[in-house]
Q: 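Structure below; questions to follow.
Just so you know, residue 1 is the first one in the sequence shown, and it goes up from there. Predicted model only: the values in this text are computed from it and were never measured.
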Amino acid sequence: MESIKGLKRTDYCGNLRLADEGREVTLFGWAQRQRDLGNLIFIDLRDKTGIVQISFNDRTDRETFAKAQSVRSEYVLALKGIVKERESKNHEIPTGEIEIEVTELRIVSKAQTPPFEIAKTDAVGDETTLKYRYLALRNEKLTKNIIMRHKIAQIAREYFYANDFIEIETPMMIKSTPEGARDYVVPSRIHNGKFYALPQSPQIYKQLLMVSGFDRYIQLARCFRDEDLRADRQPEFTQIDLEMSFVDTDDIMNMAEGFIVKLMKETLDVDIASPLPRMTFAEAMSKYGSDKPDTRFDMLIQDISDWAASTDFAVFKAAVEEGGSVKAIVAENAAVEYTRKKIDKLTEYAKGIGAKGLAYIRWADEAPACSFGKFLKEGELEALLEKLGAKRGDCVFIVSGKTSLALSVMGALRLTVAKALNMIPENKWNYLWITEMPFFEFDEESGEWLAMHHPFTMPLDECIPYLDTDKAAVRAKAFDLVLNGTELCSGSMRITDCALQNKMFELLGMEQEEIDAKFGFLVEAYKYAAPPHGGLGLGLDRLAMLICSADSLRDVTAFPKVQNASELMSGAPSNIDDLQLGELGIKLSEEE
């Protein structure tokens with residue numbers, strides 16, 4: 001093992017180019033691969049910026065040459081050398097026109113054989129790469145993703161600082177308040193039997209900062225939610241969190257758009273037209289069956305309830321008569337791909353997400369094959385095809401039932417079919433605002449109306465009279481930003497009238513005693529005058545995932561959790577000893 005004493009890095013590996021030819025450089029990094037050709041040795045040296053080839057030949061000092069022969073994968077190296085033009089260029093990498101002819105080599109640290117090849121982590125199972133995450137992060141792709149995430153955070157701070165936002169940290173240990181997911185709780189040693197909660201968001205604190213007069217707040221806030229994981233969800237995440245006073249929804253959305261335009265230009269050199277398109281929640285559900293629609297392709301949902309009601313097909317008629325509807329999508333040129341066998345699989349998928357069945361028309365031959373054709377009178381099928389704009393070569397998929405269910409199923413089918421047909425274009429960035437969100441949603445199990453957003457969201461002024469009479473008609477001053485079918489942020493104007501805020505809590509089923517216990521400090525603060533304010537939280541992790549074209553948040557998170565919320569590398573969560581439990585006043589129940 002050798003010291004780096006006397007050596008000072010002059011350059012990073014991935015930054016060198018042919019313009020540097022003839023320069024003496026000092027580099028540090030890891031040996032990705034060593035190739036010993038007898039009288040020539042080549043080593044791919046890697047650091048956070050990329051890879052450069054270093055070379056040893058018959059002009060190299062024999063002791064240095066012998067060291068190079070001993071180098072193995074993942075050894076840490078320090079070296080001096082001269083930048084030379086390569087005879088055999090590699091146009092696959094940015095440094096492929098040059099190499100470093102080494103004059104001094106030091107082996108700083110030796111590595112045992114790693115459990116997988118760093119350059120090929122994609123071919124290794126998640127369990128292994130997550131256990132050895134510190135090795136997987138050496139992979140160039142993952143390194144670039146983490147650096148891109150840093151760049152997004154840097155651009156966010158620069159943009160919002162330039163627009164007079166003040167960065168303020170809010171507490172990480174807070175009072176537990178209902179925010180839609182389970183809290184992660186922290187037991188208190190000093191206050192035995194009481195608990196802090198980790199914040200699901202800084203929502204209440206940033207509103208109190210507006211009451212305090214700070215006017216514009218920004219924070220790259222860590223948030224924690226104890227909920228089931230998936231590809232675009234982690235139990236702990238970061239959001240670009242902001243709040244603004246003396247504004248309306250347009251001001252907040254315009255501010256966010258300015259950031260998006262700057263971000264896309266500076267990260268991907270993509271020009272995004274502003275203002276971004278907007279669509280109401282009702283329109284999004286009607287056309288796409290989703291409140292986060294992917295608008296990169298068409299295949300919109302069409303309503304055929306009027307046509308269905310006039311047929312003798314009992315399934316369709318019953319759906320309409322019971323207050324539901326019949327919805328259809330036309331998959332263009334899908335008849336070749338969607339054989340009867342594949343349609344059967346699609347039907348099982350539809351049933352798995354709530355549909356009672358899937359009706360279809362497959363127009364592969366001169367006469368279309370219709371799964372419900374025997375129930376139609378002469379001319380009805382032709383009328384439907386004309387209404388839908390379907391043609392030979394297309395498939396039509398139809399779901400009937402309760403309107404909300406039919407729409408959500410069709411929305412999921414739309415995405416599934418589009419992926420199967422390769423209809424979704426790459427390198428297309430469709431941002432979209434969803435506006436006029438419903439304030440309440442009806443929970444079928446409990447039979448109660450629940451807040452669709454946090455309970456501090458302001459209803460639209462014209463909807464306030466419906467709070468007591470028609471909850472389904474109440475829309476919120478709330479908005480979501482969607483990119484290519486992924487929700488990036490939610491925002492809203494906030495309630496600032498203490499009487500209205502208290503009423504909202506009551507409408508959500510809270511007794512006054514519960515309101516006072518959980519939110520009394522917020523209601524009390526509003527009694528001292530609050531400015532009109534609103535804000536949003538933009539998911540930094542999801543934004544990084546999409547910009548990096550990654551498949552999962554794991555690919556842009558340094559040390560992610562797996563589906564059961566554990567971290568394989570460190571073994572978290574873990575047991576704690578009886579002494580610690582005793583200090584916290586906690587006794588674990590015995591497992592049966």
Q: Test Val482 against Met279 for side chain to side chain contact (heavy atoms under 4.5 Å, CB included), laying out the working first.
A: CA-CA 11 Å; Val482 175; Met279 183 182 296; over 6 Å; no
Q: Going by distance alone, is a donor N or O of one side chain under 3.5 Å from an acceptor N or O of the other, for Thr496 and Arg494?
A: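 Result is no, nothing qualifies.
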Q: Can you give each donor-acceptor pair under 3.5 Å made by side-chain atoms of residues 391-406, sequence neighbours left out, with the distance rounded to 0.1 Å?
A:
{"residue": "Arg392", "atom": "NE", "partner": "Asp365", "partner atom": "O", "Å": "3.4"}
{"residue": "Asp394", "atom": "OD1", "partner": "Asn333", "partner atom": "N", "Å": "2.8"}
{"residue": "Asp394", "atom": "OD2", "partner": "Lys391", "partner atom": "N", "Å": "2.9"}
{"residue": "Lys402", "atom": "NZ", "partner": "Glu444", "partner atom": "OE2", "Å": "2.2"}
{"residue": "Thr403", "atom": "OG1", "partner": "Ser325", "partner atom": "OG", "Å": "3.0"}

Q: Can you confirm whether Phe521 sits close enough to Ile204 that some side-chain heavy atom of one is under 4.5 Å from a side-chain heavy atom of the other?
A: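 When only atoms from C-beta onward are counted, Ile204 and Phe521 do touch, with a gap below 4.5 Å.
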Q: Under the rule for salt bridge (Lys or Arg N to Asp or Glu O under 4.0 Å), what residues qualify as partners of Lys387, not counting sequence neighbours?
A: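 Salt bridge (Lys or Arg N to Asp or Glu O under 4.0 Å) check on Lys387 returns nothing, list empty.
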Q: Do Asp291 and Met285 make a side-chain contact, defined as non-hydrogen atoms from C-beta onward lying under 4.5 Å apart?
A: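 Touching, per the 4.5 Å side-chain cut-off.
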Q: Under the side-chain hydrogen bond (donor to acceptor under 3.5 Å, both in side chains) test, which residues partner Asn484, sequence neighbours left out?
A: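 If we apply the side-chain hydrogen bond (donor to acceptor under 3.5 Å, both in side chains) test to Asn484, skipping adjacent residues, there are no hits.
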Q: Considering non-hydrogen atoms only, spot the tightest contact between Cys223 and Gln200 and give its length.
A: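 Shortest heavy-atom contact: CB-O, 3.2 Å.
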Q: Report yes if the side chains of Pro573 and Ser566 come closer than 4.5 Å at any heavy-atom pair, otherwise no.
A: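 Sidechains of Ser566 and Pro573: in contact.
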Q: Indicate yes or no: at least one non-hydrogen side-chain atom of Leu483 is less than 4.5 angstrom from one of Ile260.
A: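 Side-chain contact under 4.5 Å: no.
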Q: If the condition is salt bridge (Lys or Arg N to Asp or Glu O under 4.0 Å), which residues does Lys317 pass it with, not counting sequence neighbours?
A: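 Expected list: none.
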Q: Is any side-chain N of the basic residue among Asp468 and Lys503 closer than 4.0 Å to the acidic one's carboxylate O?
A: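 Between Lys503 and Asp468 there is a salt bridge, with a charged N closer than 4.0 Å to a carboxylate O.
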Q: With sequence neighbours excluded, give me every ring-ring contact (aromatic ring centres under 6.0 Å, His included) pair touching residues 474-511.
A: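 Non-adjacent pairs meeting ring-ring contact (aromatic ring centres under 6.0 Å, His included): Trp433-Phe479, Phe505-Phe519.
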Q: Tell me yes or no: between the side chains of Asp241 and Gln203, is some donor less than 3.5 Å from an acceptor?
A: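 The answer is no; no qualifying pair exists.
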Q: Checking Lys356 now: which residues fulfil salt bridge (Lys or Arg N to Asp or Glu O under 4.0 Å) with it, not counting sequence neighbours?
A: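 Partners of Lys356 under the salt bridge (Lys or Arg N to Asp or Glu O under 4.0 Å) test: none.
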Q: Hey, are Lys377 and Asp312 close enough for a salt bridge, meaning a charged N less than 4.0 Å from a carboxylate O?
A: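 A salt bridge links Lys377 with Asp312.
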Q: If you draw a 6.0 Å radius around CZ in Phe297, do more than 12 non-hydrogen atoms from other residues or ligands fall strictly inside?
A: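 Result for CZ/Phe297: enclosed.
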Q: Run the side chain to side chain contact (heavy atoms under 4.5 Å, CB included) test on Ile547 and Leu263 for me, step by step, so that the C-alpha distance in whole Å, both residues' side-chain angles and the decisive distance to 0.1 Å come before the verdict.
A: CA-CA 10 Å; Ile547 286 178; Leu263 176 71; 3.7 Å; yes
Q: Could you tell me which residues satisfy ring pair (Phe, Tyr, Trp, His ring centres under 6.0 Å) with Tyr217, sequence neighbours excluded, listed by chain and number?
A: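 Here no residue qualifies.
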Q: With a 4.5 Å cut-off on side-chain heavy atoms, are Asp271 and Met264 touching?
A: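 Result no, sub-4.5 Å side-chain heavy-atom pair not found.
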Q: Applying side-chain hydrogen bond (donor to acceptor under 3.5 Å, both in side chains), can you list everything that pairs with Arg340, at least two apart in sequence or on another chain?
A: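 Applying side-chain hydrogen bond (donor to acceptor under 3.5 Å, both in side chains) to Arg340 gives Asp344, Tyr360.
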Q: Does Met504 form a side chain to side chain contact (heavy atoms under 4.5 Å, CB included) with Ile495? I'd like the steps, not just the answer.
A: CA-CA 9 Å; Met504 284 301 175; Ile495 298 171; 3.4 Å; yes
Q: Looking at Asp250, is its backbone amide N or carbonyl O close enough to the side chain of Asn254 to form a donor-acceptor pair, meaning the two atoms are under 3.5 Å apart?
A: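 Looks like yes, one N/O pair under 3.5 Å.
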Q: Can you name the residues that form a side-chain hydrogen bond (donor to acceptor under 3.5 Å, both in side chains) with Ser245, not counting sequence neighbours?
A: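 With sequence neighbours excluded, Ser245 shows a side-chain hydrogen bond (donor to acceptor under 3.5 Å, both in side chains) to no residue whatsoever.
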Q: May I ask you to check whether over 12 heavy atoms, not counting those of Lys561, lie within 6.0 Å of atom NZ?
A: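 Counting neighbours around NZ of Lys561, more than 12 heavy atoms of other residues, nucleotides or ligands fall under 6.0 Å, so yes.
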Q: Is it true that a side-chain atom of Asp248 and a backbone atom of Asp251 form a donor plus acceptor pair closer than 3.5 Å?
A: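 Judged by distance alone, yes, a pair lies under 3.5 Å.
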Q: Let's go through Tyr288 and Leu300 carefully: what are the C-alpha distance in whole Å and the side-chain angles of both, what is the deciding distance for side chain to side chain contact (heavy atoms under 4.5 Å, CB included) to 0.1 Å, and is it a yes or a no?
A: CA-CA 6 Å; Tyr288 298 94; Leu300 302 183; 3.3 Å; yes
Q: Check this for me: Glu511, atom CD, are more than 12 non-hydrogen atoms of other residues, nucleotides or ligands nearer than 6.0 Å?
A: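 Incorrect, the count does not exceed 12.
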Q: Does a donor on one side chain sit under 3.5 Å from an acceptor on the other, for Gln219 and Thr170?
A: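 Gln219 vs Thr170: donor-acceptor pair found between side chains.
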Q: Would you say that more than 12 heavy atoms from the other residues, nucleotides or ligands in this model lie under 6.0 Å from the CD of Glu506, or not?
A: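 Counting other residues, nucleotides and ligands, CD of Glu506 exceeds 12 neighbours.
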Q: Within the side chain of Arg542, is there an N or O that forms a donor-acceptor pair under 3.5 Å with the backbone of Glu487?
A: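 Indeed, once roles are kept as given, a pair shorter than 3.5 Å links the two residues.
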Q: Identify, with sequence neighbours excluded, every residue that meets ring pair (Phe, Tyr, Trp, His ring centres under 6.0 Å) alongside Trp307.
A: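 Trp307: no ring pair (Phe, Tyr, Trp, His ring centres under 6.0 Å) contacts found.
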Q: Evaluate the side-chain proximity of Met299 to Glu332: yes if any heavy-atom separation is below 4.5 Å, no if none is.
A: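 No, too far: nothing below the 4.5 Å cut-off.
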Q: Mind checking ring pair (Phe, Tyr, Trp, His ring centres under 6.0 Å) for Phe195 and listing every partner two or more places apart, or none if nothing turns up?
A: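 Counting only residues at least two positions away or on another chain, Phe195 forms no ring pair (Phe, Tyr, Trp, His ring centres under 6.0 Å).
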Q: With no hydrogens and no angle check, is any side-chain donor or acceptor of Glu436 less than 3.5 Å from a backbone partner on Arg475?
A: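 Side chain of Glu436 to backbone of Arg475: no pair is present.
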Q: Determine the minimum heavy-atom distance between Thr128 and Val124, stating which atoms define it.
A: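 Heavy atoms only, the tightest pair is CB-CG1, 3.8 Å.
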Q: Is Tyr338 close to Val417 at the side-chain level, that is, under 4.5 Å between some pair of heavy atoms?
A: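 Val417 vs Tyr338: side chains touch.
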Q: Do Ile272 and Trp429 come close enough that some side-chain heavy atom pair is under 4.5 Å?
A: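 The answer is yes, as the side chains (C-beta and beyond) meet within the 4.5 Å cut-off.
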Q: For Phe372, give me all partners under ring pair (Phe, Tyr, Trp, His ring centres under 6.0 Å), at least two apart in sequence or on another chain.
A: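 Scan of Phe372 (ring pair (Phe, Tyr, Trp, His ring centres under 6.0 Å), adjacent residues dropped) gives Phe313, Phe316.
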Q: For Glu380 and Thr311, which I'm curious about, is there any donor-acceptor pair between the side chains at under 3.5 Å?
A: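 Judged by distance alone, the side chains do not pair up.
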